[in-house]
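Take a look at the structure below.
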Amino acid sequence: MNKNNKKIIIIGGGIAGLSTGCYAQMNGFDAIIFEMHNKPGGLCTSWNRKGFTFDYCIHNLAGTGNLKLAKMWQELDAFNNEDIIQHDVFVRVEDEKGQKLNIYTNIQKLKKHLKTISPEDEDVIDDYLNAGQSLVRADFFSMGMNGISSKLRIIPHAYQIIKWSNINLEEYAQRFKNDFLKKAFPHVQYNMDGSGIPVFPHLLFMAGFEAGDLGWPKYGSLQFSKRIENRFKKLGGELRYNSLVSKIILNDNRAVGVILKDGTEHYADIVISAGDGYNTIYNLLEGKFTSDFIDSYYQSYDESQEFGLQVFMGLNRDLKGEPHAIALLINQDLEIEGMKRDSLYVEIFDSTTGLSSEGKSVIKVVMRGNYNYWKKLKTDKDSYQQEKDMVYHKVINVLENRFPGIKEDVEIYDVTTPLTVERYTHNFHGWQVWSPPHGMMKVMFQGLSKTLPGLQNFYMAGQWAEAMIGIPTAALSGRNLIKTLCKKDGKKFRTQEK
């Protein structure tokens, strides 16, 4: 390392940590990343089971098209454009009667499809999709690329933001006259609870798809993370695996280094946490540097969260021709975690995705998961595993109705819970970030905890610093932090495109 350069310690080798490290190296800092796991990516990961790749993270990635955000991914060498898969259908909602709603990624095609299903709902359909069309050029997903100036671009769309943020998917569904659309529409955004999801985020997705964005990188999340890891190393950065940070070293309210679990001490000019926010603030820093706003955020979590429970299956079956995602509405009794489920979100990965060999496929079923439910079971290892197996068997029984004979095609399965995530990443209760209970506009423009009150030479990067979800959020957070540090040092922020 160049002795004349400032040294930066980065806690966590997820997307935020890797991005921060890459831009640090591009701008004359010497960065070292300490990662607790033995692979990069954090939650942006995959794993192999008997020749199948089970992908945990990426659903739709902003910046895979021609929007401004693509520049960042090019700088990070995150994927090859020829490996991006663009789906014709975002999700298909199906019921047990065989009725189907295809949410096409082309707005005009979707309009035609909806009006074919329900001509009498023309006005409701046009209102919803004309709003999506009007947001195409706004490029909301690139909002953080150029600081405050890019965020000011949303002002002309304030009316649409307010209008569509004040009505959720469930409420809007009731405007349809068609009974099937009333039933299906609340499930169009990853099958999340339609009563808790405003229409506006869904419209952003429709606008992104219309702009040719929100694709999926072939080979999945871990390979995506490894490409950024490789970029970091080529830029001269150092990444140490199996290096769990147990404490941040302070000197007169200044962060000066870290202590690892093995007791070794490492010092730097700047310390950046790109790891879990709760662990950083309340464990590594012992809650000494916080605020009422930050505290209220971390006290507002829900023990049950979307995407908390996932079931993976490696199949000896070719599922080409199926949509890549199905929200399956069911009538049969399905109780998981003591709660009745009326639908399952099924993601399908055939061999063209790179996650399985020719003639085989992977299915991933995603649903809400409750941390406390699994935490209680974990006190008995056998009970915990038996419950995971039970979840799989309940899910496969439902899928048997949609894919007859699928039980015989399953070669391997795996189930992840919030405790799985907690174990591998130290994320608080295994969660991703959630919306703040108040101060949303403040978070949108300032983030939650990019710095901490009273603590010098310390910064946070990633979703927890921003209190905003998304892989691009994590990467942009690191990019913008280094841009801030460059400005503080009076030097021009530089990038190196591949």
Side-chain angles (χ1 to χ4, degrees), residues 39 41 43-62 64 78-94 100 102-105 187-192 205 209 213-227 306-307 309-328 343-367 391-392 395-396 398-400 402-416 420-421 471:
K39 61 182 69 172
L43 285 168
C44 190
T45 193
S46 314
W47 59 94
N48 296 319
R49 294 286 187 272
K50 291 189 176 181
F52 298 95
T53 298
F54 293 160
D55 191 88
Y56 187 80
C57 184
I58 300 177
H59 300 278
N60 299 91
L61 184 65
T64 50
F79 50 77
N80 291 317
N81 288 332
E82 59 268 24
D83 286 334
I84 295 300
I85 298 172
Q86 301 285 0
H87 296 290
D88 181 49
V89 175
F90 172 38
V91 62
R92 174 185 291 170
V93 185
E94 297 183 9
K100 298 178 177 66
N102 292 317
I103 300 298
Y104 290 103
T105 53
H187 300 267
V188 296
Q189 195 66 29
Y190 298 128
N191 199 41
M192 294 187 290
F205 271 67
F209 288 130
D213 199 38
L214 297 173
W216 190 85
K218 188 175 179 179
Y219 308 113
S221 299
L222 182 58
Q223 291 306 311
F224 173 83
S225 298
K226 283 185 172 180
R227 286 181 64 89
E306 303 286 359
F307 306 105
L309 189 59
Q310 304 195 15
V311 181
F312 300 86
M313 289 161 251
L315 303 174
N316 184 23
R317 181 186 289 205
D318 191 341
L319 291 176
K320 289 191 183 78
E322 293 284 358
H324 91 103
I326 302 173
L328 197 59
S343 61
L344 289 177
Y345 189 70
V346 183
E347 295 185 355
I348 298 171
F349 304 90
D350 60 37
S351 60
T352 63
T353 64
L355 301 191
S356 65
S357 58
E358 188 64 36
K360 300 192 177 185
S361 306
V362 170
I363 277 183
K364 177 171 75 169
V365 176
V366 181
M367 63 192 94
V391 168
Y392 160 72
V395 167
I396 197 67
V398 173
L399 295 185
E400 181 72 20
R402 172 58 174 80
F403 305 94
I406 195 173
K407 289 182 182 180
E408 303 302 318
D409 295 330
V410 178
E411 296 187 0
I412 184 74
Y413 69 86
D414 201 359
V415 178
T416 64
T420 312
V421 176
I471 296 170

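Because only heavy atoms are used, hydrogens play no part in the values below, and waters and symmetry mates are left out as well, while side chains stay in. Everything numeric in this text was worked out from a predicted model, so none of it was measured.
Side-chain contact between Val311 and Met367 is present, with heavy atoms from C-beta onward closer than 4.5 Å. Between Phe403 and Asp409, the closest side-chain pair of non-hydrogen atoms is not below 4.5 Å.
A ring-ring contact (aromatic ring centres under 6.0 Å, His included) with His59 is found for exactly one of Phe205, Tyr345, Phe349, Phe307, namely Phe307. For the side-chain contact (heavy atoms from CB on, under 4.5 Å) criterion with Ile348, the lone passing option out of Leu315, Val362, Ile363 is Ile363.
Listed for the Ser361 side chain is a donor-acceptor partner under 3.5 Å among the backbone atoms of Arg317. Looking only at distances, no side-chain donor or acceptor of Asn102 sits under 3.5 Å from a matching main-chain atom of Tyr104. Judged by distance alone, with hydrogens and angles left aside, the side-chain atoms of Thr416 form no donor-acceptor pair with the main-chain N or O of Thr420 at under 3.5 Å. Under the 3.5 Å distance criterion, the side-chain polar atoms of Glu400 are matched with a main-chain donor or acceptor of Gly405. A donor-acceptor pair is defined here as one N or O able to donate and one able to accept, closer than 3.5 Å; such a pair exists between the side chain of His324 and the backbone of Phe90. Remark: side-chain polar atoms of Asp55 are paired, donor with acceptor, to backbone N or O of Ser221 under 3.5 angstrom. Ser343 places no side-chain N or O within donor-acceptor distance of the main-chain N or O of Ala327, the cut-off being under 3.5 Å. The main-chain N or O of Ile84 is never found under 3.5 Å from a side-chain atom of Thr64 such that the two would form a donor-acceptor pair.
Ring centroid separation for the pair Phe312 and Tyr392 does not come in under the 6.0 Å cut-off.
Residues passing the side-chain hydrogen bond (donor to acceptor under 3.5 Å, both in side chains) test with Lys320, sequence neighbours excluded: Asp318, Ser351, Glu358.
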### Task
Please step through side-chain contact (heavy atoms from CB on, under 4.5 Å) for the pair Tyr413 and Ile396, ending with a clear verdict.
CA-CA 10 Å; Tyr413 69 86; Ile396 197 67; over 6 Å; no
### Message
For Val365 and Met313: C-alpha separation, side-chain torsions, deciding distance, then whether side-chain contact (heavy atoms from CB on, under 4.5 Å) applies.
### Response
CA-CA 9 Å; Val365 176; Met313 289 161 251; 4.1 Å; yes
### Query
Hey, mind stepping through Arg402 and Ile326 against side-chain contact (heavy atoms from CB on, under 4.5 Å) and telling me if it holds?
CA-CA 11 Å; Arg402 172 58 174 80; Ile326 302 173; 3.6 Å; yes
### Message
Pair Tyr190, Val91 - check side-chain contact (heavy atoms from CB on, under 4.5 Å), show working.
### Response
CA-CA 8 Å; Tyr190 298 128; Val91 62; over 6 Å; no
### Task
Begin with the C-alpha distance, continue with both residues' side-chain angles, and end with the deciding distance and a verdict on side chain to side chain donor-acceptor pair (under 3.5 Å) for Asn80 and Tyr219.
CA-CA 11 Å; Asn80 291 317; Tyr219 308 113; over 6 Å; no
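Pairing each heavy atom of Gln86 with each of Leu214, the nearest pair is OE1-C, 4.0 Å. Here the closest heavy-atom approach between residue Lys364 and residue Tyr56 is recorded as NZ-O, 3.4 Å. Taking every heavy atom of both residues into account, Thr353 and Ile85 meet most closely at CA-CD1, 3.9 Å. Minimum interatomic distance between Phe224 and Cys44 (heavy atoms only, all atoms of both residues): CD2-SG, 3.8 Å. The shortest heavy-atom contact between Asn316 and Lys360 is OD1-CE, 3.7 Å. In plain terms, the two heavy atoms of Val415 and Leu309 that are nearest each other are CG1-CD1, 4.1 Å.
Other residues, nucleotides and ligands contribute more than 12 heavy atoms inside 6.0 Å of the NZ atom of Lys218.
Atom CD1 of residue Ile58 and atom CD of residue Glu347 lie 11.0 Å apart, to the nearest 0.5 angstrom. Between Lys39 atom NZ and Leu222 atom CG the span is 5.5 Å, to the nearest 0.5 Å. Separation of atoms CD (Gln223) and CG (Leu355) is listed at 10.0 Å; rounding is to 0.5 Å.
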